[in-house]
There are 4 protein chains.
Amino acid sequence: MAKQGTLRQRLRDVTAEAMLEAAERAMVKKGYDKATMAQIAAEAGCATGTFYLYFKNKEELFEAIIARHGKVLFETARAGMETTDDPLEKVRRGAEGHLRYIHQHKPFFRLFLTAMPMRQRTLHAKLSPRVRQQHEDYSQLELEALRAAQKKGQVRRDLPVELLQQFMDAVGINIVEEFLFSNCKRSLDEQMEIIWGLITGGIGARSSHERS
Amino acid sequence: MAKQGTLRQRLRDVTAEAMLEAAERAMVKKGYDKATMAQIAAEAGCATGTFYLYFKNKEELFEAIIARHGKVLFETARAGMETTDDPLEKVRRGAEGHLRYIHQHKPFFRLFLTAMPMRQRTLHAKLSPRVRQQHEDYSQLELEALRAAQKKGQVRRDLPVELLQQFMDAVGINIVEEFLFSNCKRSLDEQMEIIWGLITGGIGARSSHERS
Amino acid sequence: MAKQGTLRQRLRDVTAEAMLEAAERAMVKKGYDKATMAQIAAEAGCATGTFYLYFKNKEELFEAIIARHGKVLFETARAGMETTDDPLEKVRRGAEGHLRYIHQHKPFFRLFLTAMPMRQRTLHAKLSPRVRQQHEDYSQLELEALRAAQKKGQVRRDLPVELLQQFMDAVGINIVEEFLFSNCKRSLDEQMEIIWGLITGGIGARSSHERS
Amino acid sequence: MAKQGTLRQRLRDVTAEAMLEAAERAMVKKGYDKATMAQIAAEAGCATGTFYLYFKNKEELFEAIIARHGKVLFETARAGMETTDDPLEKVRRGAEGHLRYIHQHKPFFRLFLTAMPMRQRTLHAKLSPRVRQQHEDYSQLELEALRAAQKKGQVRRDLPVELLQQFMDAVGINIVEEFLFSNCKRSLDEQMEIIWGLITGGIGARSSHERS
DNA sequence: CATGAATGAGTGTTCATTCAT
DNA sequence: CATGAATGAACACTCATTCAT
């Protein structure tokens, strides 16, 4: 019974995964609102009703798609952070992880930025609890690194870390948005360098500069 | 005839103005998509059909709302720029003008950022030609100021002014977005100081720093 | 008072006439349903409301247009009949009068056949009483002529005149319809000859044939 | 799979058939334009949306109704033609087939003649390709029969067969229209005899008469 | 589990008609 | 008489969701 349950569960997950992929494809093609459940089902090669066995409604379906990316995104970023001990470099590698993942999934992020169904684009938006948690966790790690960097004098001390983080997010997200929607020809590494240059300027060890 | 035309025109404008206000109120309340023409009309205290005497359709109605704000927004910003001759200060005052206006019209900008109907959130989005032009014009002024600032060594020279501007927009928009959607208690001036601090860091006269 | 009334009446008629012409132009251009009262008013160079001072509603406006043509059409046909004493020739000249008038007002008749608003195309349709009467009157004259022709052995006697008339109408109307809607290059006289040839065949003095 | 497909298809056809019948009933009652989709759905005992699973829109729904009748109408007429070898008799039986079918479906033909949605009443009107083809095919057969009849001296030779056919259509359609809209008490056979009598007169072997 | 036919509430838009000025 | 701004009922069509099979 237990084994069967597990097997069932595994099958269920595989199916759900396939459906998410199909739904993402359809939504990327048409946009969230204009992708009808019928089209999504056609893309998945199953009946409309079937989706409702796996997801409560269209919105939750989209949230699941987001969650699926969110999980990998934050895992990647966290993994990046752990490849070094230097606080500021931690932050940079985390950011780079983000950027790299987004780069590899441009169409989805275009969809995400463009068509969030709840129309709440802020980072604090009401995402699915799972993603929210993932974001929260990553956020904590980043804050810790920023605090350490402050201690080491790598970043300015006159502003709270929360604000520095907010600034980083702002720069990151919006510049990435530019890169996503414009036909940016710059390579990933060039982009990263530019973004990081700007961020460093903003959060950099100002006090020391000012002193000098 | 001319006078009558003027009178008619004036009445028309007053009515259109009132309708725009009502529509804005309704959309702010419900969001662009969910605010039905019926609700909007109710808010304006007139019949549905009446709106179609003044605006071709729902989308143009929204564009008119945007244009109405856009006009004042950019005029304010431009006026701010012209109160000084120092290039970098020009840029700062322009940005401050933006921020101040947005602050005074939070609900609308929440709507705007949240519910753009064409789902094109980039700054270069296809707005109504009028707004687009206004934005373009302001953009040119800002670029000129940035170039002058570069010449005077007030901002870094290693990046093209277009990129610096993009960075400023990114910071401005997204931080403002934060302020709009979170319950930010900071005063306008505090906000401006923070934003400008970060921006200055990013675009600041880096070359000299690096030399040192 | 009486004179003034007459003057007023004359002015009224002139105005109404102009409105009818304008309305016909607009409807011919767009079709009955698609010609909006606004467009019609624009064509007439007056306000929408003005039409409702002269005609109860759109349908009566159209009926008035029909009546205006009907009057002349039947007068022409009747006049034609009275230019001869031979019964069958009377009938022919009446028919020719019809055809000639229709020919000179193709656009209107296309409109009429195409877009009758009450969607009642039969000749016995509920036209405005005036036109109905005019049609009735002409019909009587034609029947009398046919009866006389029967007596003289010019047309078959085995069918009632009403049926012969019906047959004539049928041929006339539908062949004319063909001529109106197809790009018929035949001259009016050629057309008339063909139609009359067919009609003569149908109603012609059969009894003599049968004897032979 | 094939069997299932056939079963599904069969069910679909049955449903579509029922919907067509209901729609025809509703439209016959109210007229094409005034029969709303809601009323039609009520007549069919289903929801509005359901119709859109079977027909793209109201116009195609009507076209399907027409096509359904057209198919049987022309098949009946053709079958009638093939029951004899005499050319003129072929033509007569074809016409009789038409008349008989129309007689059995008076309400529909009243609707058809009254409310053609595209407002193109000519016989060459833009019907659905299927019906158009069916009409075309039958038309060809009739023309061949007329040509054969001309050769045998059964019908006049001084006019092209196309014109004779046009004449027949004209008489047929319009007389039938009369019969449909007036309260004609004549039996089908009587009607046919009359129509055929008139047609024979028009297209009859004139040349021989003229010679005599 | 899967299906897909059926649902029906919901919406933007048009336009003949009215009526205060 | 003339105006034309305002009206608001009416309608075709869509699509997320359900449920009998």
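In what follows, chains carry the letters A, B, and so on, assigned in the order in which the sequence lines appear, proteins first and then strands, with residues in each chain numbered from 1.
Atom P of nucleotide dC15(E) and atom NZ of K30(C) are separated by 10 Å, given to the nearest angstrom. In this entry the distance linking CG of L11(C) with P of dC1(F) reads 8 Å, nearest Å. Rounded to a whole Å, the CD1 atom of I40(A) is 11 Å from the P atom of dT17(F). F51(A) places its CZ atom 13 Å from the P atom of dT17(F), with the value rounded to the nearest Å. Rounded to whole angstrom, the span from the CE atom of M27(A) across to the P atom of dA16(F) amounts to 9 Å. When rounded to the nearest whole Å, the span between CZ of F55(C) and P of dC1(F) equals 13 Å. A straight line from CD of Q39(D) to C1' of dC13(F) spans 16 Å, rounded to a whole angstrom. Between E60(D) atom CD and dC13(F) atom C1' there is a gap of 14 Å when expressed in whole angstrom units.
Side chains of N57(C) and F51(C) form no contact here, defined as non-hydrogen atoms less than 4.5 Å apart.
Taking every side-chain heavy atom of T50(B) into account, dA6(F) is the closest of dT7(E), dC11(F), dA6(F). Taking every side-chain heavy atom of R8(C) into account, dC1(F) is the closest of dC1(F), dA6(E), dT13(E).
Across all strands shown, the partner of dA9(F) is dT14(E), judged by Watson-Crick or G-U wobble contacts whose two distances both fall under 3.5 Å. Look at dA20(F): its Watson-Crick or wobble partner, with both distances under 3.5 angstrom, is dT3(E).
Under 4.0 angstrom from either OP1 or OP2 of dG4(F) there lies no side-chain N or O belonging to T48(C). The shortest distance between the side-chain N/O atoms of R12(C) and the OP1/OP2 oxygens of dC1(F) is below 4.0 Å. The side chain of Y52(B) places no N or O atom within less than 4.0 Å of a non-bridging phosphate oxygen (OP1 or OP2) of dT14(E). The side chain of Y54(A) places an N or O atom within less than 4.0 Å of a non-bridging phosphate oxygen (OP1 or OP2) of dA2(E).
Figure legend: K58(C) and Y52(C) shown without cation-pi pairing, the cationic atom not lying both under 6.0 angstrom from the six-membered ring centre and within 45 degrees of its axis.
Ranked by how close their nearest DNA chain F nucleotide is to the 5' end, M37(D) and A47(C) are led by A47(C). Each of L53(D) and A38(C) was matched to the nucleotide of DNA chain E holding its nearest heavy atom; the match closer to the 5' end belongs to L53(D). Take the nearest nucleotide of DNA chain E for K58(C) and for K34(B): the residue whose nucleotide is more 5' is K34(B).
Using bins of under 30°, 30° to 60° and over 60° for the plane-to-plane angle, the ring pair F109(B)/F112(B) lands in the perpendicular bin. Taking the six-membered ring where tryptophan is involved, the planes of Y32(B) and F62(B) are tilted, since the angle between them lies from 30° to 60°.
Contact between A16(C) and F55(C) at its shortest, heavy atoms only, is O-CZ, 4.1 Å.
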